[in-house]
2 protein chains.
Amino acid sequence: MPERAAASGSDLPPPPWSRAPQRPPRRRRDLLTQEAIVDAALAVLDEDGLDLLSMRHVARTLNVSAAALYWHIGSKDGLLDLIFDRVIGEVDVPDPDPGRWQEQLKEVARGTRSTILAHRDVIRLSIGRIPMGPHAVRHADRVLAILRTAGVPDALAVAAQQLLISIVIGVAIDETGGGGHPPADQPPPHEAAALASDYLASLPSDRFPHLVAVADHIASANADERFELLLDLFVSGLAQRARS
Amino acid sequence: MPERAAASGSDLPPPPWSRAPQRPPRRRRDLLTQEAIVDAALAVLDEDGLDLLSMRHVARTLNVSAAALYWHIGSKDGLLDLIFDRVIGEVDVPDPDPGRWQEQLKEVARGTRSTILAHRDVIRLSIGRIPMGPHAVRHADRVLAILRTAGVPDALAVAAQQLLISIVIGVAIDETGGGGHPPADQPPPHEAAALASDYLASLPSDRFPHLVAVADHIASANADERFELLLDLFVSGLAQRARS
DNA sequence: ACCTGAACACCGTTCAAGT
DNA sequence: ACCTGAACACCGTTCAAGT
């Protein structure tokens, strides 16, 4: 685990429609800081899931009244914005090495996937949030660096950078099916997979011939391999375009 | 818009860990039906968004007490399961035409994308839900039919079917950034895009040289084109694997 | 300047009681 | 069998009041 990228300081101009107030990092010897609140909230997110992430719960964690949080983070949405950017900061992107750009892209994708899986519910939180905090901006710049330094034309580089994220998120969503913090009473991941393929195999094969025929392939499907397959299709296809 | 696939009747065995009770479609001349509740809830989802989709709200829509819903759908999670499967049923999958399998895969992807964009918040609702209702099962079988009839080996077909969904969802999430039903006070989609690229262009170019350099490409990026690019990379790469 | 307590308008769900 | 009303334990947010 790399330490959180500290370079992108908070001295940037505020992104548009930002919902968290800009507060100096620490004034006196107060109990609360934006950072401390984000820490606590992220812990709740990881341990209890998004559904149990309430202002009151986070406040209880910090031995503070719920209303106290509002002075620092403005609103729950503001807090979620901060959490999102914090998590983005956890994935590190290598300095460009033009000869290895295809492999570097894959490394970024793998890193992104693994931090998503480390904070499974961040994916639900991220939907509808345009990533434009300091860490998000830094991340985008560094991925673009890999592509542009390798000679990928700008328009294609922009598309590739955005598609890469989409791909990783899409696959991660599929993988958290049944996993993550279940909405209610779902069984644990592997048991769910077993139940699922049992169910598929039990379906009437005259109505669903193909599904029943491949039920065992579904059961034995490996998420890592599938992800690598997609990365391969994407990156090698991209390289082909970049050449022409 | 095709009518909802009616073939997959409710005479299937219940999927594992189903959270909605199985109720006969309509007993007497009661006020409520599972179907009527799903209709109402889907309307609320489309018009007001997931955050405003509450049992009480749906019940108000139907001139019924909130508690009345529970007899029919068991829980809110059960209702969300039913909505999810209903929406899946809206995308239609063509009968296999082996000579055109690559184009058919793309058609399915485009159809899935457009029904997601027609029910933008369904994507948030879908996370963590394993699609295994009658419509989901039918959908999977028909996509597998296209692949297997074309001679794609089973293991690859299963991977391709799952990756195709992941890809579409991933791209759709990216597109609903700022759109959908905003968490709170975000600006409308195109205004948000303008604000975003203005912000990117305003960043210090010594710290984010690549991002600033391509800010205009980001502003003029076309979601449809990007989607088609990804489809092309995916499907043609897949065809290549299938041949070897 | 930073934080508390109480209040407002909501939630999902249960459960006795009605018909 | 189907539905209501009231209740329980929660929410996010605001706001006067304290220090």
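Since the structure is predicted, the reported quantities are computational estimates derived from the model, not experimental observations. Residue numbers begin at 1 in each chain, while the letters A, B, ... track the order of the sequences.
Distance, A:D51 CG to D:dC10 P: 15 Å, rounded to whole Å. Summarising the geometry, the separation between NE2 on B:H72 and P on D:dA1 is reported as 13 Å, rounded to the nearest angstrom. Whole-Å rounding puts the B:R60 CZ to C:dC11 C1' distance at 11 Å. If you take CG of B:L32 and C1' of D:dA1, they are 13 Å apart, rounded to a whole angstrom. Look at CG on A:L62: it is 16 Å from P on C:dC2, rounded to the nearest Å.
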Q. In dot-bracket notation, what is the pairing pattern of DNA chain C, taking Watson-Crick (N1-N3 plus N6-O4 or O6-N4) and G-U wobble (N1-O2 and O6-N3) contacts under 3.5 Å, with [ ] crossing and | for other strands?
A. ||.|||||...|||||.||
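Side-chain contact check for A:D85 versus A:P131: every heavy-atom pair is 4.5 Å or farther apart. B:I169 has its side chain out of reach of B:R113: every pair of non-hydrogen atoms, C-beta onward, lies at least 4.5 Å apart.
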Identify all pairs in which a protein N or O lies below 3.5 Å from an N or O of nucleotides 12-19 of chain C, and state each distance.
| residue | atom | partner | partner atom | Å |
| --- | --- | --- | --- | --- |
| C:dG12 | OP1 | B:M55 | N | 3.3 |
| C:dG12 | OP1 | B:K76 | NZ | 3.0 |
| C:dG12 | OP2 | B:M55 | N | 3.0 |
| C:dG12 | N7 | B:R56 | NH1 | 2.3 |
| C:dG12 | O6 | B:R56 | NH1 | 3.2 |
| C:dG12 | O6 | B:R56 | NH2 | 3.2 |
| C:dT13 | OP2 | B:Y70 | OH | 2.9 |
| C:dT13 | OP2 | B:K76 | N | 2.8 |

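Place A:L52 and B:N63 on DNA chain D by their nearest nucleotides, and B:N63 ends up nearer the 5' end.
Taken from CG in B:L32 to OG in B:S65, the straight-line distance is 9.0 Å, to the nearest 0.5 Å. How far CG of B:L200 is from CZ of B:F208: 10.0 Å, rounded to the nearest 0.5 Å.
Under the side chain to side chain donor-acceptor pair (under 3.5 Å) test applied with A:E90, the options A:H139, A:H119, A:H135 reduce to a single match, A:H119.
The residues B:D92 and B:R138 are annotated as not salt-bridged, no charged nitrogen and carboxylate oxygen being separated by less than 4.0 angstrom. A:R120 has no carboxylate O lying under 4.0 Å from a charged side-chain N of A:D46, or vice versa, which leaves the two without a salt bridge.
B:F227 does not carry B:R110 over the face of its six-membered ring by the limits of under 6.0 Å from the centre and within 45° of the normal.
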